[in-house]
Amino acid sequence: MFFHVDPEKCNRDGFCVEACGRRLIEMGEAGSVPALIAGVEGLCINCGHCVAVCPSGALALHTMKPEDCPQIKRELLIDLERAEQFLRSRRSIRNYTDKPVERDKLNKLIQVSGYAPSASNARPVHFLVIENKTEIRRLSGLVVDWMRMTVKEDPTSGNAFHFDRVVKFWDGGQDPICRNAPCLIIAHAVENARMAQVDCILTLSYAELIAPALGLGATWAGFVMTATMFYPPLVEALNLPEGHKCFGIIMVGYPRQKFMRMPMRHPPAVAWR
Ligand SMILES: Cc1cc2nc3c(=O)[nH]c(=O)nc-3n(C[C@H](O)[C@H](O)[C@H](O)COP(=O)(O)O)c2cc1C
């Protein structure tokens, strides 16, 4: 059944009616359990808020039983001080050890990232994980090729982004593009999927945030992302499925350094009305 309420467990509080973002549930006659409004099945986005808000575990969707949705452990909730430190201590990690990242850790990172918000709960994000260091180095090399070309053909842009310096580091044997990271995670989606870019970026932001809990660090691979917009050989090398576009890339690995302090940031520009 698409939507089922156990009349024995339901305490008729109407929480599910209120929680449904699409207003698809109604209370019905006095004493009866909530029900899906006739004909709206197709409008359900399967967000599971109705299942998650029910205090008695009475409500199930055909895709989601309450017993499959873990209870929130109140003892694990973090207070403001912890939450603030958690967010402020996240750092872009640019120096990695040579240790490869275990598959189960990468899998965990990706699984948890999948809980990021998604427009209409559409979840269009696909992941490509590149663990092969030779392939990562080849991608860095292609980005450097693009930078060399840009410095030559469009020096204004090249100079604005200091590509000449980046190229010099590469020529000196460093990898200023992918930072010798042992792993890249690419978020891609069908090119014209609604809000795909936002969904991909949110998902990788979750990955960056959860990384330290796995002993890992991450950084956005902005140079690679930019080059995908302008340099077809790089897009070819990524070899994403037909019709897909790369919307975000992070590098992941074991950090070589530990940060001791949380750097200052200028205050957010805010207007109040
Ligand atoms: C979209 C985006 C692209 C980025 N690209 C790169 C990059 O290519 N290389 C790099 O070292 N850092 C990159 N960064 C990291 C930023 O430089 C970093 O967030 C900033 O310096 C602040 O440091 P923090 O993240 O540790 O607070 C990128 C960050 C974002 C959000």
Side-chain angles (χ1 to χ4, degrees), residues 83-97 109 113 116-117 125 127-128 130 133 135-151 157-189 195-231 234-235 237-238 245-269:
E84 187 174 337
Q85 175 164 300
F86 169 67
L87 293 173
R88 282 188 68 175
S89 62
R90 175 212 55 79
R91 288 281 67 78
S92 295
I93 300 302
R94 302 194 176 95
N95 298 290
Y96 299 96
T97 69
L109 190 82
S113 306
V125 185
F127 297 93
L128 168 66
I130 304 181
K133 280 203 90 166
E135 186 171 353
I136 295 172
R137 192 149 179 91
R138 189 166 76 93
L139 295 176
S140 291
L142 284 166
V143 175
V144 172
D145 291 346
W146 165 70
M147 287 181 168
R148 280 190 217 279
M149 196 181 80
T150 307
V151 168
S157 304
N159 293 336
F161 297 104
H162 308 287
F163 285 174
D164 49 341
R165 280 193 86 236
V166 182
V167 170
K168 222 157 112 186
F169 282 122
W170 173 264
D171 290 342
Q174 298 183 41
D175 179 2
I177 307 296
C178 292
R179 309 269 179 191
N180 292 313
C183 176
L184 290 185
I185 302 181
I186 297 171
H188 59 98
M195 300 279 195
Q197 180 166 20
V198 178
D199 280 15
C200 285
I201 289 171
L202 283 167
T203 303
L204 291 183
S205 294
Y206 265 45
E208 190 188 11
L209 284 169
I210 197 71
L214 292 158
L216 301 171
T219 288
W220 284 84
F223 284 140
V224 192
M225 284 162 62
T226 310
T228 62
M229 292 183 237
F230 300 103
Y231 196 53
L234 177 65
V235 178
L238 288 179
K245 187 173 169 183
C246 162
F247 287 116
I249 308 176
I250 56 169
M251 327 162 198
V252 179
Y254 284 97
R256 198 183 280 285
Q257 295 175 310
K258 213 179 216 145
F259 288 95
M260 301 301 163
R261 292 176 185 274
M262 301 181 282
M264 292 170 70
R265 296 285 180 251
H266 72 65

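Ligands are counted one by one from 1 in listed order, and the atoms in each one are counted from 1 as well. Values reported hereafter were calculated over all heavy atoms of this structure, with side chains retained and with hydrogens, waters and symmetry mates removed. Note that the numbering runs from 1 along the sequence shown for the chain. Predicted model only: the values in this text are computed from it and were never measured.
For N180, there are no side chain to side chain donor-acceptor pair (under 3.5 Å) partners at least two apart in sequence or on another chain. The side chain to side chain donor-acceptor pair (under 3.5 Å) check on T97 picks up nothing, with sequence neighbours excluded.
With a 4.5 Å cut-off on side-chain heavy atoms, W170 and D175 count as touching. The side-chain heavy atoms of I130 and L139, taken from C-beta on, include a pair separated by under 4.5 Å. Between Y254 and I93, every side-chain heavy-atom pair lies at or beyond the 4.5 Å cut-off. The shortest distance between side-chain heavy atoms of M147 and T226 does not fall below 4.5 Å.
At least one N/O-N/O distance between R91 and ligand 1 falls below 3.5 Å. Considering backbone and side-chain atoms together, T219 places no N or O closer than 3.5 Å to any N or O of ligand 1. In terms of N/O distances under 3.5 Å, ligand 1 is approached by G222.
Close contacts of ligand 1 with R90, meaning ligand atoms under 4.0 Å from a residue heavy atom, involve 24 (P), 25 (O), 27 (O). Of all atoms in ligand 1, numbered sequentially from 1 with element shown, those under 4.0 Å from a heavy atom of R179 are 10 (C), 11 (O).
For atom 25 (O) of ligand 1, the nearest non-hydrogen atom from the set P263, C178, G217, S92 comes from S92. In this comparison of F223, F259, W220, the heavy atom closest to atom 3 (C) of ligand 1 sits on W220.
Between F163 and W146, the gap from one ring centroid to the other is short of 6.0 Å.
Residue contacts with ligand 1 include R265, since one of its heavy atoms falls under 4.0 Å from the ligand.
Remark: minimum distance from atom 10 (C) of ligand 1 to any protein heavy atom is reached at R94 NE, 3.4 Å.
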